[in-house]
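Here is the structure we will look at, set down as structure tokens.
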Amino acid sequence: MLEELKKAVYEANMLLPKYGLVTFTWGNVSQIDRESGIFAIKPSGVDYDKLTPEDMVLMDLNGNKVEGRYNPSSDTPTHLELYRAFQNIGGIVHTHSSWATSWAQAGRGIPCYGTTHADYMYGEIPCLRCLTKEEIEEAYEKNTGLLITDYFKDKDYEAMPAVLCKNHGPFTWGKDGHEAVHNAVVLEEVAKMAARCESINPDVKPAPQELLDKHYYRKHGKDAYYGQR
């Protein structure tokens, strides 16, 4: 089972360069096996073209390395906090994809200007505050995770499977690593569209709520009718 987990996480990680979401080693994917409480994650700083499934690092929910010859991603404590807080998160992606990161560096959430955004993410994609000096120096990656989990503790994290961390970059999640990558691709595309939209029309307003509702709920929830059954 854990060999299959490593293979799935390897394949999900390899989608990041395929879709242009990473430069060099600036990104990672993880996926958890809830039954065992073990998650696999990309090793830190290893080039994508040198990765193999066996290189994926196995971790438990106490932050202990269970298996792997490499150190896990430096973002592992962030992934850990999300897995511990939200039972329905099965995979997590972090990148420094250029359009989404540009919004994060600007300290702005991404408004929902159209139906592409609304199909996948319900409302404005939030941009959280920058960590304090003390939070950065104490436990930077863990506190990044705690910042995200605190924001989403009373919100629908499945309807909004993405977040921007100010001055840093995006995180996305899903039921597994592949869905988290899919959401990362969507995030990058809507970030690009929103930036272009504002450059074309600086006075643009978000899409109306009824359009957001129509497009989100035709793909999600009990009355969804998009696609094949």
With a 3.5 Å distance limit and no angle check, can you tell me whether [X] reaches the backbone of [Y] through a side-chain donor-acceptor pair?
| X | Y | value |
| --- | --- | --- |
| K166 | L164 | no |
| W103 | A191 | yes |
| K42 | V46 | yes |
| T172 | A180 | yes |
| D150 | L146 | no |
| H94 | P170 | yes |
| R34 | I89 | yes |
| E179 | K175 | yes |
| H117 | G123 | yes |
| Y157 | N88 | yes |

Is there a side-chain contact between [X] and [Y] (heavy atoms, below 4.5 Å)?
| X | Y | answer |
| --- | --- | --- |
| Y226 | D119 | no |
| L5 | Q31 | yes |
| N71 | V57 | no |
| I136 | N143 | no |
| W26 | T95 | no |
| L131 | L147 | yes |

Where is the tightest heavy-atom contact between [X] and [Y], given as atom of each residue plus distance?
| X | Y | value |
| --- | --- | --- |
| Y151 | K155 | O-NZ, 3.0 Å |
| A104 | C165 | CB-O, 3.5 Å |
| S199 | P202 | O-CD, 4.4 Å |
| S44 | P72 | CB-O, 3.3 Å |
| S98 | S102 | O-OG, 2.6 Å |
| V93 | G177 | CG2-O, 4.4 Å |

[Y] and [X] side chains, donor-acceptor separation under 3.5 Å:
| X | Y | value |
| --- | --- | --- |
| Y113 | E198 | yes |
| N28 | S73 | yes |
| E141 | T144 | no |
| D75 | T78 | no |
| T101 | H96 | no |
| D213 | Q209 | yes |
| T149 | E81 | no |

Worked verdict on I41 versus V9 for side chain to side chain contact (heavy atoms under 4.5 Å, CB included): CA-CA 7 Å; I41 193 166; V9 171; 5.6 Å; no
Look at the rings of F152 and W173 and say which category their plane angle falls in: under 30° parallel, 30 to 60° tilted, over 60° perpendicular.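 Plane angle over 60°, so perpendicular.
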Check the orientation of Y83 and H79. Use parallel for under 30°, tilted for 30 to 60°, and perpendicular for over 60°.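 Tilted: the ring planes of Y83 and H79 meet at 30° to 60°.
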is_close_aromatic([X], [Y]), centroid dist under 6.0 Å:
| X | Y | value |
| --- | --- | --- |
| Y217 | Y122 | yes |
| H220 | H215 | no |
| H182 | Y120 | yes |

Separation of [Y] [atom2] from [X] [atom1] (nearest 0.5 Å):
| X | Y | atom1 | atom2 | result |
| --- | --- | --- | --- | --- |
| N183 | H178 | CG | NE2 | 13.0 Å |
| M193 | I110 | CE | CD1 | 11.5 Å |
| M14 | K18 | CE | NZ | 11.0 Å |
| E189 | K192 | CD | NZ | 4.0 Å |
| L82 | I92 | CG | CD1 | 4.5 Å |
| R129 | N167 | CZ | CG | 12.0 Å |

State plainly whether one hydrophobic cluster holds both [X] and [Y], where clusters connect Ile, Leu, Val, Met, Phe, Trp and Tyr through side-chain heavy atoms under 4.5 angstrom apart.
| X | Y | result |
| --- | --- | --- |
| I148 | L61 | yes |
| L15 | V22 | yes |
| L2 | Y70 | yes |
| Y19 | V190 | yes |
| V66 | I32 | yes |

Just wondering, more than 12 heavy atoms not from K65 lying within 6.0 Å of its NZ?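 Correct, the count exceeds 12.
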Assess whether atom OH of Y48 is packed by more than 12 heavy atoms of other residues, nucleotides or ligands within 6.0 Å.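 Count over threshold, so yes.
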Short N-O contact, [X] and [Y], less than 4.0 angstrom:
| X | Y | answer |
| --- | --- | --- |
| K7 | E4 | no |
| E124 | R108 | no |
| E210 | K214 | no |
| K6 | E67 | yes |

Under the side-chain hydrogen bond (donor to acceptor under 3.5 Å, both in side chains) rule, what do T132 and E135 come out as? Steps first, then yes or no, please. CA-CA 5 Å; T132 65; E135 288 170 330; 3.3 Å; yes
What do the steps show when you test M160 against I125 for side chain to side chain contact (heavy atoms under 4.5 Å, CB included), and what is the final call? CA-CA 7 Å; M160 177 51 64; I125 298 163; 3.9 Å; yes
Going through the distances and angles, do R69 and D55 end up as a side chain to side chain contact (heavy atoms under 4.5 Å, CB included)? CA-CA 7 Å; R69 64 191 180 109; D55 294 331; 3.1 Å; yes
Stepwise side chain to side chain contact (heavy atoms under 4.5 Å, CB included) test for L51 and M56: CA-CA 8 Å; L51 284 176; M56 300 302 107; 3.9 Å; yes
